[in-house]
Amino acid sequence: ITAIAASQVTMVGLMAVAPIALHRHTGSDMAVALVVSAHLAGMYALAPLAGRAADAAGRRQVLAAGAALCAAGALLAAPPGLPALAAVGLPLVGAGWCAAYVASTAVLGDVTPAARRAGAVGGSDLVASASGAAAAVAAGLLADVVGTAATAMALAAPAPLVLVLVLSLREPAPGRWAGAPASEPR
C-alpha cells in the first residue's frame with residue numbers, strides 16, 4: 001500500500017503542475033495534450049505487460065522498476081525550459097506508476113486471504129486516491145512558492161523510500177513471500 005501511495009503522490013502531483021509548466025514553455029495546447037496523452041498511455045496501456053512481468057519476474061522486481069521509473073521521469077520533467085525532457089519524463093512517470101500499481105495490487109492479492117482480498121484492495125485504492133488528492137493540492141502550493149522544477153524534484157523523493165521497502169522484501173518465487181502465508185487459490 002505504501003508503494004501505491006508513493007507512486008500516486010509522484011504521478012498526481014506531477015500531473016497537477018506539469019501541464020502548466022509545459023504550456024508556459026511551449027505556448028501550445030497541442031503539446032500539452034500530446035504529452036498528457038503519452039503519460040496516460042504509459043499509465044494504462046502498459047498494464048497487461050506490467051502484470052505479465054510481475055507474474056514472470058516477480059512483483060518485487062516490477063515494484064522496484066516502477067519506483068525507479070517514477071523517480072527518473074519526475075527528475076527528467078524538472079528542468080525548466082526543457083519541454084522535450086518533460087515529454088520523455090511524464091510518460092516514464094506514467095509507466096512507473098503502472099508498474100508500481102499493478103505489482104503492488106498483485107502483492108496485496110498474494111498476501112491477503114480471499115475472504116478479505118476485495119476489502120484490502122478497496123482500502124488500498126482509498127489510500128491511493130487520498131494520497132493523490134493531497135499531492136495535487138500540495139504540488140500546486142509548492143509550485144507557487146518554489147517553482148515547478150523544485151516541485152518535480154520533490155515529487156521524485158518518495159521513490160527511494162519505496163525502493164528501500166521493496167528491496168527489503170524476500171520473494172523467493174513470483175507471488176510467494178518469505179514470512180507471509182501462502183495465498184489461497186483464486
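Keep in mind that this is a model prediction, so the values were computed, not measured.
- Rounded to the nearest 0.5 Å, atoms SG (Cys98) and CG (Leu40) are 12.0 Å apart.
- Of the possible donor and acceptor atoms, one in the side chain of His39 sits under 3.5 Å from a partner among the backbone N and O of Leu90.
- Leu22 contributes atom CG, which lies 11.0 Å from atom CG of Leu82 (distance to the nearest 0.5 angstrom).
- Of all non-hydrogen atoms in Ala103 and Leu63, the two that sit nearest each other are CB-CG, 3.7 Å.
- With sequence neighbours excluded, the residues satisfying side chain to side chain donor-acceptor pair (under 3.5 Å) with His23 are Asp29.
- Val36 and Pro19 get closest at one heavy-atom pair: CG2-CG, 4.2 Å.
- To the nearest 0.5 angstrom, Leu69 atom CG is 6.0 Å from Leu92 atom CG.
- Residue Leu155 is not grouped with residue Leu161 when hydrophobic side chains (ILVMFWY) are merged at heavy-atom distances under 4.5 angstrom, including chains of intermediate members.
- Hydrophobic cluster membership is shared by Val93 and Met43, with clusters built from Ile, Leu, Val, Met, Phe, Trp and Tyr side chains linked at under 4.5 angstrom.
- Under a 4.0 Å N-O distance rule, the pair Asp110/Arg176 does not qualify as a salt bridge.
- No continuous path of ILVMFWY side-chain contacts below 4.5 Å connects Leu75 to Val88, so the two sit in separate hydrophobic clusters.
- None of Val137, Val145, Asp144 except one satisfies the side-chain contact (heavy atoms from CB on, under 4.5 Å) rule with Leu141; the exception is Val137.
- At distances below 3.5 Å, at least one donor-acceptor pair connects side-chain atoms of Glu171 with backbone N or O atoms of Gly175.
- In this structure, Thr10 OG1 and Met15 CE are separated by 13.0 Å, a value rounded to the nearest 0.5 Å.
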> side-chain contact (heavy atoms from CB on, under 4.5 Å) between Leu169 and Leu165: does it pass, once the steps are laid out?
Replying inline: CA-CA 7 Å; Leu169 299 173; Leu165 277 172; over 6 Å; no

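- A donor-acceptor pair under 3.5 Å is absent between the side-chain atoms of Arg59 and the main chain of Val107, judged by distance alone.
- Judged by distance alone, the side chain of Thr151 and the main-chain N or O of Ala143 form a donor-acceptor pair under 3.5 Å.
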> Does the pair Arg60 and Leu167 meet the rule for a side-chain contact (heavy atoms from CB on, under 4.5 Å), with working shown?
Replying inline: CA-CA 7 Å; Arg60 180 177 179 260; Leu167 295 177; 3.7 Å; yes

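- A heavy-atom distance below 4.5 Å is found between the side chains of Pro48 and Arg52.
- Ile20 and Leu14 are assigned to two separate hydrophobic clusters, defined by single-linkage of ILVMFWY side chains at heavy-atom distances under 4.5 Å.
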> Could you go step by step and tell me if Trp97 and Val12 meet the side-chain contact (heavy atoms from CB on, under 4.5 Å) rule?
Replying inline: CA-CA 10 Å; Trp97 175 89; Val12 175; over 6 Å; no

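- Closest approach of Val62 and Ala53 over heavy atoms only: CG2-C, 3.6 Å.
- Within the model, atoms CD1 of Ile4 and OG1 of Thr105 stand 4.0 Å from one another, a figure rounded to the nearest 0.5 Å.
- Annotation for Leu108 and Ser124: closest pair CD2-CB, 3.6 Å, computed over non-hydrogen atoms.
- Heavy atoms only, all atoms of each residue included: Pro91 and Ala38 are closest at CG-CB, 3.6 Å.
- Atom CE in Met11 sits 9.0 Å away from atom OH in Tyr101 (nearest 0.5 Å).
- Heavy-atom minimum distance, Ala135 versus Val9: CB-O, 3.6 Å.
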